[in-house]
Participant: 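Take a look at the following structure, please.
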Amino acid sequence: MTSFDVNVHYVTRVEGHGNLKARVRDGQLEECRWEVPEAPRFFEAMIRGRAYHEAPPITSRICGICSIGHTLASIQGIENAIGFVPSEQTLLLRTLLKHGETVQSHILHAYYLAAPDLVGAPSVVPLATSHREVVLRAVRLHRLANEWCDLIGGRTTHPIRAVVGGWTRLPTVEELRGLRQRISEALPDVEATVELFRALPFPAFERETEYLALRKPDEYAWYGGDIASTDGDVTPLPQYRSKVKEFIVPHSTAKRAKGNRSSYAVGALARVNVNYDQLRPLAKQAADALGIRPVTCNPYLNTAAQVVEVAHVMEDSLDVIDRLLERGLREEGYAVQARPGTGVGGVEVPRGTLYHEYTIDAGGRITDANLIIPTGQNHQNIEDDLRALVPTLEGKSREEITLAMEMLVRAYDPCISCSTHLLEVEFV
Amino acid sequence: MTLRVMEKGDLASFVERLIASEPGAVGPVRKDGKHVFARLASVEDLDLAYTTTLLPPKKYLFPPQETLLRFRLGAPPVVEPVLEAPPLVVIGVHPCDLRGIWATDRAFGDDHVDTNYRARREAITLIGADCLPDEHCFCTSVGSHLPEPASFDLFVTDIGDAVTVEIGSERGRALLERYARSREATAADLAGLQKRRHAKEAAVKARLNVDVQMLPLLLESVSTSPLWEQLGAKCLSCGNCNLVCPTCYCFDVGDLMQLNLEEGERIRRWDGCTLVDFATVAGGHNFRREAKSRVRHRYYRKFQYLMTRYGRSFCTGCGRCSRSCLAHINPPETINALLAEAEREEA
Amino acid sequence: MSTPLTRQIESLYLGRPATVTAVRTLTDKEKLFDVELADGPLGHEPGQFVEVSVFGYGEAPISVASSPTAPGGFQLCVRNVGRVTGALHRLEPGAMIAIRGPFGRGFPVDRMRNRDILFVAGGLGLAPLRSLIGYVMDRRSEFGHVTILVGARTPGELLFNDEYAGWARSPDTEVHVTVDRAAEGWTGHVGVITTLFPRIQVDPKTTTAVIVGPPVMYRFALAETFAKGVPEDQVYVSLERRMKCGVGKCGHCQINGIYVCQKGPVFAYAEIAGLEEAL
Amino acid sequence: MRPKVAVFDFGCCEGCQLQLVNLEEALLDLVGLVDVRQWREAMSEHADDYEIALVEGSITRESEIPRLEAIRRQAKVLVALGACAHTGGINAMKNHMPMEQALEIVYGDKARWFDTIPARPLSAYVPVDAAVPGCPVDRQELVEVVKALLMGVTPALPTYPVCVECKMAENVCVFDLGLTCMGPVTRAGCRARCPSNGNRCLGCRGLVPEPNANAHKEILAEHGRTVEDILAEYRMFVSSAEVAQ
Ligand SMILES: Cc1cc2nc3c(=O)[nH]c(=O)nc-3n(C[C@H](O)[C@H](O)[C@H](O)COP(=O)(O)OP(=O)(O)OC[C@H]3O[C@@H](n4cnc5c(N)ncnc54)[C@H](O)[C@@H]3O)c2cc1C
Ligand code: SF4
Ligand code: SF4
Ligand code: SF4
């Protein structure tokens with residue numbers, strides 16, 4: 001029987017820092033810590049007293065990877081707080097921007113961060129020579145996604161044009177047409193991506209899990225919606241605190257969350273599990289090819305679910321653009337009347353549901369903010385998965401076990417830099 | 001000078017035909033409530049009812065950034081001069097901006113002729129138009145309110161129900177003959193033109209309280225005026241006044257390499273004498289350390305240094321710097337304050 | 001005007017191809033480059049400068065440090081302070097560069113003929129001065145008494161110190177050297193360059209003074225020179241400014257109404273005495 | 001010999017490292033010109049013999065100082081990547097409130113568990129050889145800086161403000177649109193990205209070396225901003241600068 005300690009200082013190829021510490025005795029995981037030594041950055045404190053319109057650009061800086069998601073969640077929370085209802089055009093453009101980020105981030109994770117594991121390479125760097133075609137395809141898709149976000153948001157990271165009330169600048173009709181063409185031309189690359197990941201050996205491991213994602217009646221939810229659980233319950237967004245129960249456990253290093261059970265998962269796999277029926281045809285095919293149908297409980301397949309979502313948002317974007325073009329673009333400005341109040345924003349960012357809640361006073365200043373990021377919600381689930389995983393690795397070498405654990409952490413695509421709620425605690 | 005007359009509808013079709021037949025037609029178009037010179041896709045884009053554009057047409061003769069050379073490293077390096085001169089018809093250039101082009105023609109044409117400027121200049125056709133002064137314009141004070149005779153190819157003035165067209169060059173005449181229906185001007189048209197010009201002159205409100213030709217002399221005596229100190233304290237050293245000015249032509253030069261580190265180009269980029277490091281040399285010595293000396297330098301360039309060299313004011317009265325200076329530093333107030341100070345001293 | 005033209009013809013900004021034939025390290029910061037043009041001699045006057053291109057790095061104005069009377073190509077003495085000068089310092093013999101110029105107005109040698117000359121060189125100022133010193137040495141009989149004052153901050157920073165003795169051996173020539181701060185082995189004079197003035201005799205009626213050095217030096221060196229009675233129109237300086245084009249366009253080198261690259265870099269003191277921004 | 005490069009991060013959002021990835025094809029070219037020795041976000045390979053260190057993030061914890069010092073000891077050239085590393089960035093906003101208060105707002109009674117100090121730029125602890133400003137860094141500028149390093153040149157940043165590039169882009173000044181802008185005191189190099197996209201400059205690239213902050217503050221006041229607003233403006237991205245105090 002195997003006995004050893006795992007101590008991976010800084011799991012690489014994740015956004016942010018995470019340390020993995022485990023003590024395996026006789027094939028059993030006696031102790032497991034998924035630590036997050038990321039520096040706390042105090043966003044909730046820093047935006048107190050700020051004018052409401054400053055929240056999106058400030059909270060965008062919580063995470064460079066899902067800065068678009070933070071911006072949109074913040075805008076949504078603020079607009080709900082001040083009682084502003086955005087126009088249909090504004091919402092369509094927000095969805096389009098959100099879709100760009102989903103492609104950006106999922107391609108980055110699937111190709112650059114996760115794929116090397118699946119082909120046994122230490123990083124994407126050697127793949128640039130050994131699998132040049134694959135890497136070039138990844139670069140093509142990634143470039144498209146970035147230029148897409150540039151076009152709609154004004155910048156790939158920390159968008160400029162999306163603000164409380166609407167948009168500071170609209171894309172032109174020609175730009176939208178061009179983007180539509182480029183997206184449709186990229187669909188073969190998406191299909192090839194599905195093929196690629198279909199052929200890759202995802203480890204087989206399952207653990208029954210509660211999955212949470214936003215859900216809307218009429219579409220696969222990204223921006224707003226209710227909080228739906230694979231356990232069947234549905235919670236309205238404003239009551240998120242009753243579903244997302246934050247807690248700190250003594251041996252842990254980060255603020256975590258639970259739902260019905262000891263832990264739950266959010267992210268691409270959670271969304272596909274919750275909203276499978278709303279996937280677009282191309283995405284359904286992809287899900288079939290990759291072996292995902294609700295409820296899939298293999299956390300390694302989160303990467304595959306990301307590929308499914310890429311197919312979904314690419315196809316959906318064609319439709320969003322068509323609707324925008326049909327309506328015709330109108331300069332609407334972004335002036336708002338602010339009234340005091342409290343509001344919650346919920347957005348599905350690449351790694352799961354992101355909540356931004358704000359209270360605004362009569363002077364338009366923020367008096368209180370609560371931000372819950374997806375990775376924090378996944379922490380407990382990651383640890384629960386690891387505990388279940390190790391006994392199944394019976395007979396493997398120490399290196400193999402370590403790698404399997406690391407890969408599992410990576411499959412969650414943890415974006416630890418979002419350290420609004422992450423803390424490092426020294427335990428004595 | 002030959003004066004022709006066009007019906008207004010004919011002007012539109014003239015522009016339409018220019019856009020359709022000439023390789024590049026640009027003119028004032030709207031941007032966020034202001035105007036800029038930009039490509040015209042159709043005559044509808046053109047909006048001649050404007051005061052000034054954000055940037056003067058200088059940007060076509062001396063672009064914000066321009067390639068001078070292209071090279072490939074090696075032994076020996078292969079170097080090729082670049083003279084880009086896309087043919088362009090610029091429609092709707094106001095008299096002050098024609099004067100600005102007169103000024104850059106002098107500066108770039110003097111002694112060593114600037115080949116890059118000249119190439120672009122030769123490829124450009126200028127169709128002037130009369131204008132609508134606002135509270136910042138002071139062209140009448142520097143004598144740039146009338147179209148500079150040798151600077152345009154055609155010049156259009158709205159005289160009510162028709163437009164007059166002055167022909168300034170053979171090139172202009174050819175364009176007119178090829179694309180426009182026009183007729184001989186009558187005495188009534190000429191009277192209309194005069195009337196329109198007087199109306200415009202009357203509409204210019206800002207002014208310098210001094211004969212512009214006296215300015216080099218005036219500046220001679222006020223270089224240590226406390227006014228410079230006051231302006232220096234307000235100046236942000238942001239360069240806005242330089243960048244929007246039709247007669248500011250200073251530049252910086254540098255090499256840009258491609259990522260392969262084998263090929264590259266030498267580019268020049270707009271610079272401005274109000275920027276902090278404009279006169280800084282290796283070792284860190286800055287010959288115009290304080291904002292006040294930089295602001296002063298700019299005024300002296302417009303109204304003394306270059307004026308003495310070329311005979312006429314290098315300020316065209318377009319008011320762009322007044323409009324874009326957040327600190328409200330502007331030529332009429334500055335010059336009038338200096339004048340008042342000199343007069344006080346004399347008394 | 002119907003075709004877009006990228007004309008492969010003359011450009012104001014295209015230099016003449018040149019080869020660096022030798023590189024000599026003078027001090028920690030300065031190197032001396034021998035340069036030969038592919039298409040013939042430079043044809044400069046003492047005190048003029050050239051625009052030197054190292055492709056990929058840019059272009060910089062550098063004074064010609066050798067006399068036109070010297071055989072072969074010409075020399076540039078360059079201090080490493082940045083992009084272009086740093087790139088020059090990394091060049092090996094055989095490297096290809098490009099040269100525009102010569103530009104500007106050099107020293108008025110005709111006005112100096114048969115007169116006594118007082119040279120005052122501070123630091124890198126000796127680089128442009130050396131073109132004139134070399135000229136005077138090569139045509140020694142055409143000039144009167146020659147006094148050369150050289151100053152540097154430390155002995156290690158003295159430029160061309162292997163040439164002082166040769167100059168001093170010329171008839172009717174004296175050379176005085178000083179450093180601001182001595183170092184081990186230094187037996188010469190210590191003190192700023194103005195402390196050399198009490199040692200020299202100057203006949204104000206027959207002397208032309210030529211002073212080149214860093215901005216701080218001018219004020220003091222000029223005062224000493226005037227104190228010796230040399231008139232303002234017999235004192236020459238060479239001024240440094242930021243400079244990009246070398247041909248009176250880019251605006252950087254302007255001192256009040258004067259372009260250093262056109263009217264300078266050499267000026268009679270009388271020409272710039274009234275200009276606030278000159279010194 | 002390809003220079004050996006490593007990428008590190010401290011407290012930040014990692015958006016700047018992401019811009020390296022966002023170089024797309026150019027990154028592939030770059031990877032050919034340099035030898036990447038470690039880069040946690042993108043690779044598992046890891047070696048400590050780097051010459052150029054690209055360091056992202058600001059120092060916000062005592063325990064990070066020795067790590068930064070170790071990087072400094074190894075690296076011949078240390079580049080501050082992005083606003084957090086260069087000026088303290090948005091993290092330094094927290095420096096304007098009492099630390100206990102910040103902790104309490106976010107972590108309640110668990111506050112005492114934290115190791116946190118005022119957020120500071122790298123240069124507060126070690127010499128920094130070059131910087132790529134911005135939040136996030138501008139990819140074009142990032143490439144220019146890397147190229148300069150590869151060519152053996154110390155990269156120089158513009159000393160003029162964003163207004164210069166804003167005017168070149170021929171934007172309508174946001175002051176004319178009824179808003180206010182940090183452009184006049186913010187270091188250029190982003191090609192006036194925010195004003196060009198209809199928004200206002202927030203100052204993410206840090207101040208120009210010689211900002212006339214007094215004059216700028218007066219202009220903000222003239223455009224209807226209160227003293228509180230103005231301070232808030234200065235306390236977003238240039239919090240650690242003197243003029244924000
Ligand atoms: C007429 C003239 C003659 C000169 N003769 C010599 C000489 O013989 N030997 C010598 O070593 N140097 C000489 N110089 C100075 C030399 O031109 C500068 O040191 C050089 O341009 C710096 O370029 P760089 O690319 O190496 O530095 P950069 O990297 O461009 O800049 C380094 C510093 O120099 C300043 N600077 C930038 N461009 C210029 C410029 N064109 N002129 C001055 N400072 C600048 C910058 O503000 C910065 O502080 C002369 C300058 C002039 C104007
Ligand atoms: S100085 Fe001002 S008013 Fe005069 S030409 Fe320039 S921008 Fe126009
Ligand atoms: S525009 Fe005004 S503030 Fe800006 S540099 Fe010019 S004078 Fe100074
Ligand atoms: S918008 Fe901002 S950056 Fe642009 S000119 Fe105006 S103040 Fe300057």
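Just so it is clear: chains get the letters A, B, ... in the order the sequence lines come, proteins before strands, and each one is counted from 1. Remember, predicted model here, so these are calculated numbers, not experimental data.
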Participant: Quick check on C:V81 against chain B: is it the side chain, the backbone, both or neither that has a heavy atom closer than 4.5 Å?
Facilitator: side chain
Participant: Return yes if a side-chain donor-acceptor contact under 3.5 Å exists between B:Y300 and C:N256, otherwise no.
Facilitator: no
Participant: List the atom of C:F55, the atom of B:L69, and the distance in Å for their closest heavy-atom pair.
Facilitator: CE2-CD1, 4.1 Å
Participant: Hey, which of C:M243, C:E59, C:Q254 has the most heavy atom pairs under 4.5 Å with chain B?
Facilitator: C:Q254
Participant: Ignoring hydrogens and geometry, is there a side-chain-to-backbone donor-acceptor pair from C:K249 to B:D114 under 3.5 Å?
Facilitator: no
Participant: Working note: B:F251 + C:H252, criterion side chain to side chain contact (heavy atoms under 4.5 Å, CB included); need CA distance, chi angles, decisive distance, verdict.
Facilitator: CA-CA 8 Å; B:F251 57 86; C:H252 283 98; over 6 Å; no
Participant: Name the region of B:N116, side chain, backbone, both or neither, that has any atom closer than 4.5 Å to a heavy atom of chain C.
Facilitator: side chain
Participant: What residues form a side-chain contact (heavy atoms from CB on, under 4.5 Å) with B:L256, not counting sequence neighbours?
Facilitator: B:Q65, B:E265, B:I267, D:E144
Participant: Quick one: is the NZ or CZ of C:R241 closer than 6.0 Å to the six-membered ring centre of B:F287, and within 45° of its axis?
Facilitator: yes
Participant: What is the distance from atom CG of C:L14 to atom CZ of B:F71, rounded to the nearest 0.5 Å?
Facilitator: 12.0 Å
Participant: Taking all atoms of both residues into account, what is the closest heavy-atom pair of B:V281 and C:R242, and its distance?
Facilitator: CG1-N, 3.0 Å
Participant: With a 4.5 Å heavy-atom cut-off, do C:Q262 and B:H112 have their side chains touching?
Facilitator: yes
Participant: Measure distances from C:R83 to the heavy atoms of chain B and classify the residue's part below 4.5 Å as side chain, backbone, both or neither.
Facilitator: side chain
Participant: What part of C:V84 lies closer than 4.5 angstrom to a heavy atom of chain B: side chain, backbone, both or neither?
Facilitator: neither
Participant: Determine the option with the most heavy-atom pairs under 4.5 angstrom with chain B, choosing from C:G251, C:C250, C:G257.
Facilitator: C:C250
Participant: Does CG in C:D28 sit with more than 12 non-hydrogen atoms of other residues, nucleotides or ligands closer than 6.0 Å?
Facilitator: no
Participant: Given the options B:R309, B:R72, B:Q304, which has more heavy-atom pairs under 4.5 Å with chain C than any of the others?
Facilitator: B:R309
Participant: Answer with side chain, backbone, both or neither: which region of B:S223 has an atom nearer than 4.5 Å to a non-hydrogen atom of chain C?
Facilitator: both
Participant: Quick one: closest heavy-atom pair of C:M96 and B:P77, and the distance?
Facilitator: CB-CD, 3.3 Å
Participant: Which distance, rounded to the nearest 0.5 Å, do you find between the OH of C:Y13 and the OG1 of B:T67?
Facilitator: 13.5 Å
Participant: Is it the backbone or the side chain of C:S53 that comes under 4.5 Å from a heavy atom of chain B, or both, or neither?
Facilitator: both
Participant: Take C:E240 and B:H285 through the test side chain to side chain contact (heavy atoms under 4.5 Å, CB included) and record every step on the way to the result.
Facilitator: CA-CA 10 Å; C:E240 193 197 332; B:H285 189 85; over 6 Å; no
Participant: For chain C, find which of B:D252, B:L306, B:D111 contributes the most heavy-atom pairs closer than 4.5 angstrom.
Facilitator: B:D252
Participant: Assess whether side chain to side chain contact (heavy atoms under 4.5 Å, CB included) is satisfied between B:V113 and C:L12, documenting all intermediate values.
Facilitator: CA-CA 7 Å; B:V113 175; C:L12 183 57; over 6 Å; no
